Colleague: 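My questions all concern the structure below.
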Amino acid sequence: QVQLVASGGGLVQAGGSLRLSCAASGRTFSSYTMAWFRQAPGKEREFVSAMRWTDGSTDYADSVKGRFTISRDNAKNTLYLQMNSLKPEDTALYYCAAAYKAWNLRSPYAYWGQGTQVTVSS
């Protein structure tokens with residue numbers, strides 16, 4: 001069992017930046033493909049970004065490509081999401097997720113954090 005704790009959300013003006021963090025428990029963090037999802041009020045949860053455990057390959061939703069960057073520090077058991085050029089439509093509850101040795105970056109994720117709120121004002 002792996003526990004995920006997301007943090008770093010907050011209120012930011014359009015065009016600003018924010019970095020989210022996801023702290024994971026256990027020494028096997030490096031064996032998990034990690035991802036970020038988000039859900040806005042009244043909308044479906046959507047995929048944002050992911051990183052494969054083996055080769056560090058990444059994937060991004062078209063809506064965030066070029067603005068967001070996913071990264072990880074296995075020594076610190078931490079996943080990050082650097083968000084730049086934020087837009088009001090980025091406002092959502094952001095969740096980190098983990099899938100053990102998953103190849104497909106869009107595969108089902110078994111473990112989820114509690115979420116951290118990101119609000120972008122106009």
Side-chain angles (χ1 to χ4, degrees):
Q1 186 75 24
V2 59
Q3 292 181 301
L4 306 173
V5 180
S7 63
L11 176 64
V12 64
Q13 291 185 316
S17 299
L18 207 59
R19 189 180 76 160
L20 306 183
S21 298
C22 176
S25 65
R27 70 178 191 275
T28 59
F29 175 72
S30 62
S31 297
Y32 287 85
T33 286
M34 302 293 296
W36 289 97
F37 290 78
R38 67 186 183 186
Q39 186 169 28
K43 294 187 176 181
E44 298 291 321
R45 181 177 297 179
E46 66 175 342
F47 172 84
V48 176
S49 183
M51 175 175 285
R52 189 179 293 126
W53 73 282
T54 52
D55 57 5
S57 294
T58 60
D59 190 20
Y60 296 90
D62 289 342
S63 60
V64 307
K65 192 171 297 182
R67 299 188 298 119
F68 291 10
T69 303
I70 190 171
S71 63
R72 68 194 296 168
D73 187 335
N74 289 338
K76 296 181 179 179
N77 281 10
T78 303
L79 177 75
Y80 303 98
L81 184 68
Q82 179 65 47
M83 305 184 294
N84 298 325
S85 302
L86 284 163
K87 305 174 181 180
E89 50 263 45
D90 294 318
T91 295
L93 187 64
Y94 284 71
Y95 299 89
C96 62
Y100 185 68
K101 293 186 175 181
W103 178 261
N104 185 357
L105 299 181
R106 306 294 185 108
S107 65
Y109 287 83
Y111 304 98
W112 295 82
Q114 86 288 1
T116 184
Q117 179 66 40
V118 172
T119 302
V120 184
S121 62
S122 301

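Predicted model, so just to flag it, every value in this text is computed and none were measured. Index from 1, following the sequence. FYI, side chains are in, hydrogens and waters are out, and symmetry mates aren't considered; it's all heavy atoms of this structure.
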Colleague: Identify the heavy atoms of Y94 and V48 that sit nearest to each other, and give their distance.
Modeller: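 Closest approach of Y94 to V48: CE2-CG2, 4.4 Å.
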Colleague: Rounded to the nearest 0.5 Å, what separation is found between the CD atom of Q82 and the CD1 atom of I70?
Modeller: 12.5 Å
Colleague: May I ask you to check whether over 12 heavy atoms, not counting those of E89, lie within 6.0 Å of atom CD?
Modeller: yes
Colleague: With sequence neighbours left out, write down each residue that passes side-chain contact (heavy atoms from CB on, under 4.5 Å) with V12, or none if nothing qualifies.
Modeller: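 Expected list: L86, V120.
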Colleague: For the backbone of A102 and the side chain of T33, can you confirm whether one donor and one acceptor N or O come within less than 3.5 Å of each other?
Modeller: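 Between the backbone of A102 and the side chain of T33 there is a qualifying donor-acceptor contact (under 3.5 Å).
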Colleague: Considering non-hydrogen atoms only, spot the tightest contact between T116 and G9 and give its length.
Modeller: OG1-N, 3.0 Å
Colleague: If the condition is side-chain contact (heavy atoms from CB on, under 4.5 Å), which residues does A40 pass it with, not counting sequence neighbours?
Modeller: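 Listed in chain order: K43, A92.
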Colleague: State which residues pass salt bridge (Lys or Arg N to Asp or Glu O under 4.0 Å) with R72; sequence neighbours excluded, sorted by chain then number.
Modeller: none
Colleague: Under 6.0 Å from the CD atom of Q3, do we count more than 12 heavy atoms belonging to anything else shown?
Modeller: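 Not buried by this count: 12 neighbours or fewer within 6.0 Å.
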Colleague: Please answer: with hydrophobic residues joined when any side-chain heavy atoms are less than 4.5 Å apart, are F37 and L93 in the same cluster?
Modeller: yes
Colleague: By side chain to side chain donor-acceptor pair (under 3.5 Å), which residues pair with E46, not counting sequence neighbours?
Modeller: R38
Colleague: With a 4.5 Å limit on heavy-atom distance, are the side chains of T78 and F29 in contact?
Modeller: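 Result no, sub-4.5 Å side-chain heavy-atom pair not found.
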Colleague: Would you say the side-chain atoms of S49 pair up with the backbone N or O of W36, donor to acceptor, closer than 3.5 Å?
Modeller: no
Colleague: Can you give me the closest heavy-atom contact between T58 and L105, atom names plus distance?
Modeller: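 It is C-CD1, 3.7 Å.
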Colleague: Who pairs with K65 by salt bridge (Lys or Arg N to Asp or Glu O under 4.0 Å), at least two apart in sequence or on another chain?
Modeller: D62
Colleague: For S17, give me all partners under side chain to side chain donor-acceptor pair (under 3.5 Å), at least two apart in sequence or on another chain.
Modeller: N84
Colleague: According to a hydrophobic-cluster definition based on side-chain heavy atoms being under 4.5 Å apart (Ile, Leu, Val, Met, Phe, Trp, Tyr only), do L79 and V2 belong together?
Modeller: yes
Colleague: Can you name the residues that form a salt bridge (Lys or Arg N to Asp or Glu O under 4.0 Å) with R67, not counting sequence neighbours?
Modeller: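 Partners of R67 by the salt bridge (Lys or Arg N to Asp or Glu O under 4.0 Å) criterion, ordered by chain and then number, come out as D90.
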Colleague: Same cluster or not: L81 versus W53, using hydrophobic residues (I, L, V, M, F, W, Y) connected whenever any side-chain heavy atoms lie under 4.5 Å apart?
Modeller: no
Colleague: Could I get the full list of side-chain contact (heavy atoms from CB on, under 4.5 Å) partners for S7, not counting sequence neighbours?
Modeller: S21
Colleague: Does M34 share a hydrophobic cluster with F47, counting links as ILVMFWY side-chain heavy atoms below 4.5 Å and allowing steps through other members?
Modeller: no
Colleague: Which pairs count as side-chain hydrogen bond (donor to acceptor under 3.5 Å, both in side chains) when at least one residue sits in residues 95-112, sequence neighbours excluded?
Modeller: D59-R106
Colleague: Provide the full list of salt bridge (Lys or Arg N to Asp or Glu O under 4.0 Å) pairs with a residue in residues 111-122, sequence neighbours left out, each pair given once.
Modeller: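 Pairs touching residues 111-122 that pass the test: none.
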Colleague: Hydrophobic clustering (ILVMFWY, side-chain heavy atoms < 4.5 Å, transitive) - are Y80 and M83 grouped together?
Modeller: no
Colleague: Locate the shortest heavy-atom distance separating N74 from S30; write the atom from each residue and the value.
Modeller: ND2-CB, 3.6 Å
Colleague: So which pairs with a foot in residues 113-122 pass salt bridge (Lys or Arg N to Asp or Glu O under 4.0 Å), sequence neighbours left out?
Modeller: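 Sorted result for residues 113-122: empty, none.
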Colleague: Using the test side-chain contact (heavy atoms from CB on, under 4.5 Å), find all partners of S57 that sit at least two apart in sequence or belong to another chain.
Modeller: R52, D55
